[in-house]
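Following: one structure in structure tokens, then a few remarks.
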2 protein chains.
Amino acid sequence: MAVTISDVAQAAGVSKGAVSYALNGQPGVSDATRDRILQVAKELGWKPSLRAKGLSSAKAYALGLVVARDPKLLGTDPFFPAFIAGIETTLAEHDYTLVLSVATAPGAEERAYRKLADGGRVDGVILTDVRHNDSRIGLLRELKLPAVTLNRPDAESPFPAVSMDDTDGITAAVDHLVALGHVRIGHVGGAQEYIHGRSRREAWAAAMAKAGLATDLFAEADFTAPGGVAATAELLRRADRPTAIVYANDLMATSGQSYAQTQGLSVPGDLSVTGYDNAEFTQYLNPPLTTISTDPMLWGRAAAQALLNQLNGTHSGEDTQLQAPVLLVRASTGPAPVPAAGRSSPPRPSGQPRASSPATS
Amino acid sequence: MAVTISDVAQAAGVSKGAVSYALNGQPGVSDATRDRILQVAKELGWKPSLRAKGLSSAKAYALGLVVARDPKLLGTDPFFPAFIAGIETTLAEHDYTLVLSVATAPGAEERAYRKLADGGRVDGVILTDVRHNDSRIGLLRELKLPAVTLNRPDAESPFPAVSMDDTDGITAAVDHLVALGHVRIGHVGGAQEYIHGRSRREAWAAAMAKAGLATDLFAEADFTAPGGVAATAELLRRADRPTAIVYANDLMATSGQSYAQTQGLSVPGDLSVTGYDNAEFTQYLNPPLTTISTDPMLWGRAAAQALLNQLNGTHSGEDTQLQAPVLLVRASTGPAPVPAAGRSSPPRPSGQPRASSPATS
DNA sequence: GATATCTACTAAACCGGTTCAGTTGTTAAT
DNA sequence: ATTAACAACTGAACCGGTTTAGTAGATATC
């Protein structure tokens, strides 16, 4: 059976209390006694019972992550696996574990947070996909759950944020396209309820304004592939349609690129395309996608550390700013089409977009 | 402060023991007393302390999942998000949570399992990516951790398995290609240390043999995109190179298809391609990928249920067999190229494969 | 010398629940 | 009428750890 601190106390000839102080690096025992206790504990093969320790210390030794996204989206998003792997590297150093909940049904997200809090299953949570006026801030305050947010919410939040500014990446993409001679540069944005959906749009608009270009070529989508198709179709139907599109994520760039190709447009000859996130498959697209590369693993590591620091009272209270994402140029971006004399205009897309099987290459 | 069963006992005028029996549906209290206790507990807003409950009952009320894959692979694999979402639906009904660990460093996987077991953090684990002579079986027995395996391991295992036979999907892909007139059908397999890597290869070989076709066009890869490129290059270099390739996963099919295109081959004109897993992005490839669609959410749901049944002693001890995957035909497969008289042979791939930027479309 | 402070320990309370051994009352069987 | 069995409760032990209040001894200060 499991060795308890009573066994260690008996074998070392001290009280349980002394053993607890010794094993937890607390003052209250002499160095000699502490060493003896640690030695005996090691010899007996003592391992803490996290359940007993948790009850005594009112801690769970776990952090929570609730992901309220359709699993289909998760399966193409390189962010979460790397983010989780980053969290893991921090947790491994602190004997904490990650409690993950994927909550997609209506109301499931709130239920998941309540479940984590009510049962005392986690000591704090990491809040991803922060939204405009995010209701989770208030909920977590009500539940008295410590948290760290990814990026600074736009509403008052008592929780420290760990931020990675996507402004630079989007700005680099727009600048890259401007340098290639593009004037009509569109943006297919993610859901504008998300802070990161908005900030990417705002970064695009700012970079466009700085270059003296129009910022009306915007279509909102929802980070999904069908959403990317619909938004792309909308932009390509315009008389002043774009010769380049900056997408808010890789999946929409992929489906948008594919849609344009089915409409007879050449990428990047007629339309240049950039994505966001540098998903593994994007370098194998035809053509390989120009995209923006982030570092979700670092983000996960930093977020977990910030939350642990908060829990143990060593957090400075300040937000953490991580290194900005960088543009990764591949073959989906090229010089703007030249409207030369005698040249027919680029093919105009036909009809409504269809999500079904496109024509063969 | 939190309401405890002592508070409920006092308010209901009974002992703590009676409250425990009543709240847990145990015999030992009359119906009238039970109703009174339940009523009082509800009025007081009593919620169980999982920490106290866990210490008393020696349970964690959590299941563990250790994923020993590179996060890059996870970011393109639709399996795990959907699988985890499926687990979640079962756990939500039972007030259990999922403890997730992504372990990629050498030795990290074993450390992760030990961490889960030693701290009593989980009551059991779900074992995915089962390998040939999987060392985890013995480890889990040593750690006395109950488990459920995805698919039946090839070594003796005391744990129930929940299986989804990939034979039918691969067979359907081969049959589909045979019906299209293909004779030289290759297979780019995943790592043969994995049971699912082997079974997909064996299914391909069996379907080929049944069609009276040769089974030598095999190249092993590791489920990664670069691995898919290298294996594809190997097959395409052969004098008897395949006119179709059945890949063991979508990412390798994507990168293999892309590689073939950079070598001047037309997909599916010169080479038909099938994948596995139906990743979200595959329908937006150029051309959209023919693939095999599985139901990982159902798998997750069933695996979690099997493990919970095992934990509560209601498991029959038998393996569970889930519905087989199905072939999803898109545009990456077409009729075999016809070696007509006077027609030049299809272009031969040139030199070593390069993972860098392919030519534009 | 007397008093105050500090260190190093102790036993016991506490965390909030589950289970066990015991008591009492009721009912059924002999 | 007596005995046995059962149901409905009880208080206490237990789970394995952390913290608190207390004690004794040593040292420093007045």
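Order of the sequence lines fixes the chain letters, A, B, ..., with proteins taken first and strands second; residue numbering starts at 1 for each chain. Worth knowing before you read on, the calculation uses all heavy atoms, side chains too, and leaves out hydrogens, waters and symmetry mates.
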- request: Give a yes-or-no answer on whether the side chains of B:Thr89 and B:Arg301 include a donor-acceptor pair shorter than 3.5 Å.
  value: yes
query: Can you tell me how far P of D:dT20 sits from CD of A:Gln26, to the nearest Å?
result: 10 Å
query: Does A:Trp46 have a side-chain nitrogen or oxygen under 4.0 Å from the phosphate oxygens OP1 or OP2 of D:dG17?
result: yes
- prompt: Within this structure, what is the OH-to-P distance between A:Tyr61 and D:dG17, rounded to whole angstrom?
  reply: 11 Å
- prompt: With respect to the side chain of B:Lys53, which nucleotide from C:dT18, D:dG16, D:dT20 is positioned closest?
  reply: C:dT18
- prompt: Considering only heavy atoms and no angle criterion, is a donor-acceptor pair shorter than 3.5 Å present between the side chain of A:Ser6 and the base of D:dG16?
  reply: no
query: At under 4.0 Å, does any side-chain N or O of B:Lys16 touch on OP1 or OP2 of D:dG11?
result: no
- prompt: For the pair made of CG in B:Asn24 and C1' in C:dT18, what is the distance, rounded to whole Å?
  reply: 8 Å
message: I want to verify a distance call: between C:dC9, D:dC9, D:dG16, whose nearest atom is closest to the A:Ala52 side chain?
response: D:dG16
field: Most 5' of B:Leu23 and A:Thr33 on DNA chain C, judged by nearest nucleotide
entry: A:Thr33
- line: The nucleotide from D:dT10, D:dT18, C:dG16 with an atom nearest the side chain of B:Tyr21 is D:dT10
- prompt: Just one of B:Thr128, B:Val162, B:Asp319, B:Val130 clears the side chain to side chain contact (heavy atoms under 4.5 Å, CB included) bar with B:Thr149, so which one?
  reply: B:Val130
query: Which part of the nucleic acid does A:Pro48 contact within heavy-atom distance under 4.0 Å: base, sugar-phosphate only, or nothing?
result: sugar-phosphate
- request: When you get a sec, tell me which of C:dT18, C:dA8, D:dC9 is the closest nucleotide to the side chain of A:Ser30?
  value: C:dA8
field: For atom NZ of A:Lys59 and atom P of C:dC14, their distance in whole Å
entry: 22 Å
field: B:Ser20, nearest nucleotide to its side chain (from D:dA8, D:dG17, C:dT19)
entry: C:dT19
message: Are A:Phe79 and A:His196, when compared by the centres of their aromatic rings, separated by less than 6.0 Å?
response: no
query: Separation of B:Ile37 atom CD1 from D:dA8 atom C1', in whole Å?
result: 11 Å
message: Side chain of A:Ser49, heavy atoms from C-beta onward: which of C:dG17, D:dT18, D:dG16 has the nearest atom to it?
response: D:dG16
- line: In whole angstroms, the gap separating P of C:dC15 from CD1 of B:Ile5 amounts to 13 Å
query: To the nearest 0.5 Å, how far apart are CD1 in B:Ile37 and OG in B:Ser15?
result: 7.5 Å
query: Heavy atoms under 4.0 Å, any strand shown: does B:Val14 hit a base, just sugar-phosphate, or nothing?
result: sugar-phosphate
- prompt: What's the closest nucleotide to the A:Ser56 side chain, out of C:dG17, C:dC15, D:dT10?
  reply: C:dC15
statement: Rounded to whole Å, CG of B:Asp7 lies from C1' of C:dG17 at a distance of 13 Å
task: Would you check if there is a donor-acceptor pair between the side chains of B:Gln39 and B:Asp35 at a distance under 3.5 Å?
output: no
- prompt: Expressed in angstrom and rounded to an integer, what is the separation of B:Arg36 atom CZ from D:dA8 atom C1'?
  reply: 12 Å
query: B:Gly17 or B:Leu55: which one's nearest nucleotide on DNA chain D is closer to the 5' end?
result: B:Gly17
message: Applying a 4.0 Å non-hydrogen cut-off, can you work out what B:Lys47 is touching in the nucleic acid: base, sugar-phosphate, or nothing?
response: sugar-phosphate
message: B:Tyr96 and side chain to side chain contact (heavy atoms under 4.5 Å, CB included): which single residue from B:Ile87, B:Thr90, B:Leu311, B:Val122 fits?
response: B:Leu311
- prompt: So what does A:Gly120 touch, heavy atoms closer than 4.0 Å: a base, only the sugar-phosphate, or nothing?
  reply: nothing
message: Using a heavy-atom cut-off of 4.0 Å across all strands, would you classify A:Ser15 as base, sugar-phosphate, or nothing?
response: base
